[in-house]
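Here is how names work: the chains are called A, B, and so on, in the same order as the sequence lines, proteins then strands, and each is numbered from 1.
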Amino acid sequence: MPHNQRVRVRFAPSPTGPLHIGGVRTALYNYLFARKHGGDFLLRIEDTDSQRYVPGSEEYIIESLKWCGINVDEGVGADADGPYAPYRQSERKDIYLRYAMQLVDSGNAYFAFDTAEDLNTLRKEKESGGETFSYDASVRNSLVNSLSLPASEVDERIKGGDNWVIRFKMPENEEVMMTDLIRGDMTVNTSTLDDKVLFKSADGLPTYHLANIVDDHLMEISHVIRGEEWLPSLPLHYLLYKALGWEGSRPEFAHLPLLLKPQGQGKLSKRDGDKLGFPVFPLLWKAPDGDISSGYREAGYFPEAFVNMLALLGWNPGTEQEIFTMEELVEAFSLDRVGKAGARFNPDKARWFNAHYLHEKSDEELAELFLPVLKDNGVDIPVDSAAKAVGLIKERATFVGDMWELTRFMFFAPEEYDEKALKKSWNEGEKVRLEALAGTLREIESFDDAGAEERVRQWIAASGNPIGKVMNVWRIAVLGTNQGPNIFAISAFIGKDETLKRIDRALLTL
RNA sequence: GGUCCAUUCGUCUAGUGGUUAGGACGUCAGGUUUUCAUCCUGGUAACAGGGGUUCGAUUCCCCUAUGGACUACCA
């Protein structure tokens, strides 16, 4: 392990919009790894692309992590300033140029003056001939750069204010051997690589490649855990560590498999938004242009369900356990149990996780969450009363938001009656049955009395009415439908008067 | 096109040189329930294809196919 024994990992998103669930999973795995090894989890903002910067992204990222219970130890969003501040790359500008110059001085990089237009023209020319243009050893000497130009002209151009970039001078025909904690050993020949830009002229900022390596080194990162899309640039990063003389303290790398769309092709991307019928973002996102994308939080997911679901998308504990608290995840997590292949996101399973967590919560806890929903629907009741209602229906809910439709009949008499139910179980014979039941109910002092339900059952048995028929017609009269929870419990909840009122009304109007 | 990575039920996955290839979601059936849902039980369903290596390959190797990523002065 590099530097020291301490595990230090970072999540380093760029603020180009909301974090999607793939990004959240990367953050989660980093966090779990850090906790598991008693290390640090840092949040660094990689805002080196001034063009793509989207205001609000950073706040969104911080809030998302917070909602998930992923606590940042150091960096942006941490409680206190860390020892390696600042943690926003735009605030570290000066650092990068210094290292870029070090690379130029050591012959590992060079100035290039080619304009974007010139390069585009070259690219098009090559492509029309069926070839691909690559800024590499085969062409670098014939392009406009400090390798091809006399030193005096290079100086003049720089002093004269010409636009320049710094490019990495990719070694020729060298095998780069790399190790990935998830994929094992890999070898790539440098001849297939090009001279990547390390420092841009456009905004005076480094590219990802340089900034990333410099910051990881300076911040003493021990493990880089990131998405698989970075795998192709791993050789470049290895070479950069070597060129900067940091080979001995190079972090270890782990490239996570991608999250794929539920159906169709390709990786899950930010643009998918709500087209797929489920959120791709942890929280609701309002884009600066007004576009709104839904989030798991607003869709009613519990953070623990969301995190649990995400953790198992690409990682497994090797046991048959599927339900994990964050603490249990920390305990069980290891990089060698992360899969290699991309995982297709499954919305059904996500719902199942949420239902599971919802069913595990106490009636009181759910009632607290449900109270605002009730209020929105014009129902203002104390929390213990809400808890009773919740207790009757929670088994059939997946989200707290589902609970309103499931409980509305406890607060409002039905205005319509389900036609299928009426067809099946509402006729003159059933009405007689219901009237007889009403008579019995009327004799009961209060439905809350102990033994009240037993009295009704005794009457049913004694009267010779089939219990199913009685319950069914009772349910239709009170709820307007032939399905739902225990009808006696509901009648007790709404009370004797309301129950009889609804029965009378049904008998009269139907 | 080039480079790299991957491939077990529809989906997430476990697993081994010899297993009835296991679990979960979904789905189907049955049970419980006054009904629905929950819950329980059971069923369905997979080693991409072709060559090797081997007494024996899902497992090891090669090829093909398929999927994916990357191929910007984006990350």
*Just call it for A/Asn346: base, sugar-phosphate, or nothing, with non-hydrogen atoms closer than 4.0 Å on any strand.*
base
*Choose from B/rC12, B/rA75, B/rG68 the nucleotide whose nearest atom is closest to any side-chain atom of A/Trp230.*
B/rA75
*When all nucleic acid strands are considered with a 4.0 Å heavy-atom cut-off, which category describes A/Arg351: base, sugar-phosphate, or nothing?*
nothing
*Any strand: nucleotide that pairs with B/rG30 via Watson-Crick or wobble, under 3.5 Å*: B/rC40
*Do you know which of A/Phe324, A/Phe353, A/Tyr357 makes side chain to side chain contact (heavy atoms under 4.5 Å, CB included) with A/Glu304?*
A/Tyr357
*Using a heavy-atom cut-off of under 4.0 Å over every strand shown, decide if A/Ala202 touches base, sugar-phosphate, or nothing.*
base
*A/Glu322 has a side chain; which of B/rA14, B/rC12, B/rA24 sits nearest to it?*
B/rA24
*asked:* Need the pair for B/rC25. Rule: Watson-Crick or G-U wobble, both distances under 3.5 Å, any strand; none if unpaired.
replied: B/rG10
*What about A/Asn486, does its side chain sit under 3.5 Å from the base of B/rU33 through a donor-acceptor pair?*
no
*Counting any heavy atom closer than 4.0 Å, what does A/Asp402 reach on the DNA or RNA strands: base, sugar-phosphate only, or nothing?*
nothing
*Just checking, any donor-acceptor pair under 3.5 angstrom between side chains of A/Thr192 and A/Asn189?*
no
*Where the side chain of A/His359 is concerned, which of B/rG26, B/rC4, B/rU38 is the nearest nucleotide?*
B/rU38
*At under 4.0 Å between heavy atoms, what does A/Gly339 touch on the DNA or RNA strands: base, sugar-phosphate, or nothing?*
nothing
*Is there a donor and acceptor pair closer than 3.5 Å between the side chain of A/Thr207 and the base of B/rC73?*
no
*Identify whether any heavy atom of A/Ile487 sits under 4.0 Å from a base atom; if not, whether one sits that close to sugar-phosphate; answer base, sugar-phosphate or nothing.*
base
*asked:* Which residue is it: A/Arg167, A/Lys169, A/Arg140? I am looking for the one with a salt bridge (charged side-chain N to carboxylate O under 4.0 Å, His left out) to A/Asp195.
replied: A/Arg140
*In whole angstrom, give me the gap between the P atoms of B/rU71 and B/rG15.*
33 Å
*Interatomic distance at P, B/rA24 relative to B/rA6, whole Å*: 29 Å
_Atom C1', compared across B/rG2 and B/rA21: separation rounded to whole Å_ = 39 Å
*Have a look at A/Val197 and say if it touches a base, only the backbone sugar-phosphate, or nothing, with a 4.0 Å heavy-atom cut-off.*
sugar-phosphate
*Taking the side chain of A/Asp348 as heavy atoms from C-beta outward, which of B/rA75, B/rC73, B/rG26 is closest to it?*
B/rG26
*asked:* Counting only Watson-Crick pairs (N1-N3 plus N6-O4 or O6-N4) and G-U wobbles (N1-O2, O6-N3), all under 3.5 Å, who is the partner of B/rG1?
replied: B/rU71
*Using whole Å, report how far NZ of A/Lys340 lies from P of B/rU59.*
15 Å
*Assign A/Trp474 to base, sugar-phosphate, or nothing according to its heavy-atom contacts below 4.0 angstrom with the strands shown.*
nothing
*Would you indicate what A/Asn482 reaches in the nucleic acid, counting non-hydrogen atoms under 4.0 angstrom: base, sugar-phosphate, or nothing?*
base
*Indicate yes or no for a side-chain donor-acceptor contact from A/Thr207 to the backbone of A/Val197 under 3.5 Å, with no hydrogens or angles considered.*
yes
*Which nucleotide in the list B/rG23, B/rC5, B/rA75 gets nearest to the side chain of A/Glu320?*
B/rG23
*Could you state the atom-to-atom distance from CZ of A/Arg183 to C1' of B/rA69 in whole Å?*
10 Å
*Residue A/Arg344, side-chain heavy atoms: nucleotide from B/rC4, B/rU11, B/rU38 that is nearest*: B/rU11
*How long is the line joining NZ of A/Lys349 and P of B/rU11, in whole Å?*
14 Å
*Identify which nucleotide among B/rU35, B/rU34, B/rC25 has an atom closest to any side-chain atom of A/Gln483, counting heavy atoms from C-beta outward.*
B/rU35
*Provide, to the nearest angstrom, the distance between the CZ atom belonging to A/Phe133 and the P atom belonging to B/rC73.*
9 Å
*asked:* Return the pairing partner of B/rU35 with a 3.5 Å limit on both distances, Watson-Crick or G-U wobble; otherwise return none.
replied: none
*asked:* Using a 4.0 Å heavy-atom cut-off, does A/Thr48 contact any base of the nucleic acid, only the sugar-phosphate backbone, or nothing at all?
replied: sugar-phosphate
*asked:* Let's test this: given Watson-Crick or G-U wobble pairing with both distances under 3.5 Å, identify the partner of B/rU54.
replied: none
*asked:* Is it the case that over 12 heavy atoms from other parts of the model lie below 6.0 angstrom from the CD atom of A/Glu416?
replied: no
_Considering every strand and a 4.0 Å limit on heavy-atom distances, what is the contact class for A/Pro485: base, sugar-phosphate, or nothing?_
base
*What is the nucleic acid contact for A/Arg226, judged by heavy atoms within less than 4.0 Å: base, sugar-phosphate only, or nothing?*
nothing
